[in-house]
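Beneath this line is the structure, given in structure tokens, with notes to follow.
What's counted below: heavy atoms across the whole structure, side chains too, no hydrogens, waters or symmetry copies.
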Amino acid sequence: MGAFLILSTSAAVILLVIRGGLCVDIIGGTEVAPHSRPFMALIEGAKGSICGGALIKENWVLTAAHCDVKGGKVTLGAHSLTAREKEKQVFRIAKQIRYPCYDFSSKENDIMLLQLQKRARLNKAVQVIPLPTSDNDLKPGTTCTVAGWGQTHNRLRKPSDTLREVNITVISRQICNDNNHYKNNPVITEKMICAGAKNGGKDSCYGDSGGPLRCNNVMRGITAFGKANKCGTVDSPGVYTRLTRQYLRWIRKTIGGA
């Protein structure tokens, strides 16, 4: 799943954003029932990049700070990227607000809010996802799900036309930072969640950035980054921005009554 086509110059780490009109798919996942994830937002940048996002208020979408959304649009109610669907609602972006301390190099604070020019019409295909009421850390072994229109194979630069989803498992930060994984470059901090599959084969990938990570049916994170060209491999589980109390406070303050 991932919207990655931006390589980190320091650690061959990719941000999950797709450029040039490409998008990517979930690795090892399955297609969801049409419009069964009504909170999902499809974000398309003016230069052809693709990211995911989550509708958290009628006119606000939560996504990743590294997503290139300038001059782009947000589509709600989508299942297919290309089909004309009556459920689709398309919006221009009025404001993009990155978290003030976002750091491209360390991948810290990879979180952004998008204000839509108009409010969405809520219905069966378009719904708000509730923000978590707790920022308790996730225990290793917790099962989570991630969805997107991203790449389904490392070498197959072809988008999934339909929304797909995969189950992944939380991995301890100690393991994620060891020499068989990220080698502390970048450091996987307490503001991040590392998740994948013990034997690989399940992951988010290019084009999935910004999409929600849900654990026990609660949104707990945002798809952020992974290693370049290694989606779904044992040594490169995906990394997600964790919705900490600090981030939740910033989100609620920013969207306020707007």
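- In terms of heavy atoms, Asp110 sits closest to Thr241 at O-OG1, 3.0 Å.
- Contact check for Leu62 versus Ile222: side-chain heavy atoms found under the 4.5 Å cut-off.
- Follow the hydrophobic side-chain contacts under 4.5 Å out from Leu122 and you reach Leu116 in the same cluster.
- With sequence neighbours excluded, no residue satisfies side-chain hydrogen bond (donor to acceptor under 3.5 Å, both in side chains) with Glu58.
- One finds the SG atom of Cys101 at 9.5 Å from the CD atom of Glu108 (value rounded to the nearest 0.5 Å).
- Between His66 and Phe225, every side-chain heavy-atom pair lies at or beyond the 4.5 Å cut-off.
- When all heavy atoms are compared, the tightest approach of Cys194 to Pro237 is SG-CG, 3.4 Å.
- Legend: residues meeting side-chain hydrogen bond (donor to acceptor under 3.5 Å, both in side chains) with Gln89, ordered by chain and number and at least two apart, are absent.
- Nearest heavy atom pair, residue Gly77 against residue Glu85, reads O-OE1, 4.1 Å.
- Pairs engaging residues 129-138 under the side chain to side chain donor-acceptor pair (under 3.5 Å) rule: Ser134-Asn136, Asp137-Arg173 [sequence neighbours left out].
- Annotation: side chain of Thr30 is not in contact with side chain of Glu165 (no heavy-atom distance under 4.5 Å).
- Between the side chain of Asn59 and the backbone N or O of Gln115, no donor-acceptor pair lies under 3.5 Å.
- One side chain, Glu31 or His79, offers a donor N or O that lies under 3.5 Å from an acceptor on the other.
- Between atom CG of residue Leu113 and atom CD1 of residue Ile93 there is a gap of 12.0 Å, rounded to the nearest 0.5 Å.
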For this session: Go through the steps for Thr223 and Leu213 under the test side-chain contact (heavy atoms from CB on, under 4.5 Å), then give the verdict.
Result: CA-CA 7 Å; Thr223 306; Leu213 176 75; 5.5 Å; no
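- Between the side chain of Lys107 and the backbone N or O of Phe104 there is at least one donor-acceptor pair closer than 3.5 Å.
- Looking at every heavy atom in both residues, Ala78 comes nearest to Lys88 through CB-CE, 3.8 Å.
- The shortest distance between side-chain heavy atoms of Ile97 and Thr254 falls below 4.5 Å.
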Problem set entry | Criterion side-chain contact (heavy atoms from CB on, under 4.5 Å) on Arg214 and Arg37, from CA distance to verdict | CA-CA 11 Å; Arg214 296 184 302 137; Arg37 306 294 184 269; 3.4 Å; yes
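- The hydrophobic cluster containing Val128 also contains Val126, counting ILVMFWY residues as joined when their side-chain heavy atoms lie under 4.5 angstrom apart, directly or transitively.
- In this structure, Asn123 and Ala125 approach most closely via the heavy-atom pair OD1-N, 2.9 Å.
- Distance CG/Asn179 to CG/Asn185: 11.5 Å, rounded to 0.5 Å.
- Under a 3.5 Å cut-off, the side chain of Thr63 and the backbone N or O of Gly52 do form a donor-acceptor pair.
- In terms of hydrophobic clustering, with Ile, Leu, Val, Met, Phe, Trp and Tyr side chains grouped at heavy-atom distances under 4.5 Å, Phe39 and Ile111 are assigned to a common cluster.
- Under the 4.5 Å side-chain criterion, counting only non-hydrogen atoms from C-beta, Tyr240 is in contact with Val146.
- No hydrogens or angles considered: a donor-acceptor pair under 3.5 Å links the side chains of Ser80 and Asp161.
- Between Leu81 and Thr75 the shortest side-chain heavy-atom distance does not fall below 4.5 Å.
- Tracing side-chain contacts under 4.5 Å through hydrophobic residues (I, L, V, M, F, W, Y), one never reaches Ile50 starting from Val61; they form parts of separate clusters.
- Residues Arg220 and Leu138 form a side-chain contact, since some pair of their non-hydrogen atoms from C-beta on lies under 4.5 Å apart.
- Here the CG atom belonging to Leu114 is positioned 9.5 Å from the CD1 atom belonging to Ile56, to the nearest 0.5 angstrom.
- Annotation: the span from Cys176 atom SG to Asn184 atom CG amounts to 10.0 Å, rounded to 0.5 Å.
- The side-chain hydrogen bond (donor to acceptor under 3.5 Å, both in side chains) search around Asp178 returns His181, not counting sequence neighbours.
- No more than 12 heavy atoms of other residues, nucleotides or ligands sit less than 6.0 Å from atom CD of Gln174.
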For this session: Would you please test Phe91 and Lys118 for side-chain contact (heavy atoms from CB on, under 4.5 Å) and show each step?
Result: CA-CA 7 Å; Phe91 302 86; Lys118 296 180 179 180; 4.2 Å; yes
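- The two atoms that bring Ala224 and Ser209 nearest to each other are O-OG, 3.6 Å, heavy atoms only.
- For the ring-ring contact (aromatic ring centres under 6.0 Å, His included) test, residues two or more places apart in sequence or in another chain that qualify with Tyr99 are Tyr247, Trp250.
- Put simply, the side chain of Pro132 reaches to within 4.5 Å of the side chain of Leu248, judged on heavy atoms.
- With sequence neighbours excluded, the residues satisfying side-chain hydrogen bond (donor to acceptor under 3.5 Å, both in side chains) with Lys191 are Asn109.
- In this structure, Ser172 OG and Ile188 CD1 are separated by 11.0 Å, a value rounded to the nearest 0.5 Å.
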Exercise. side-chain contact (heavy atoms from CB on, under 4.5 Å) between Val74 and Leu42: does it pass, once the steps are laid out?
Worked result: CA-CA 6 Å; Val74 174; Leu42 172 62; over 6 Å; no
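- Residues Met40 and Leu131 share a hydrophobic cluster, clusters being chains of Ile/Leu/Val/Met/Phe/Trp/Tyr side chains in contact below 4.5 Å.
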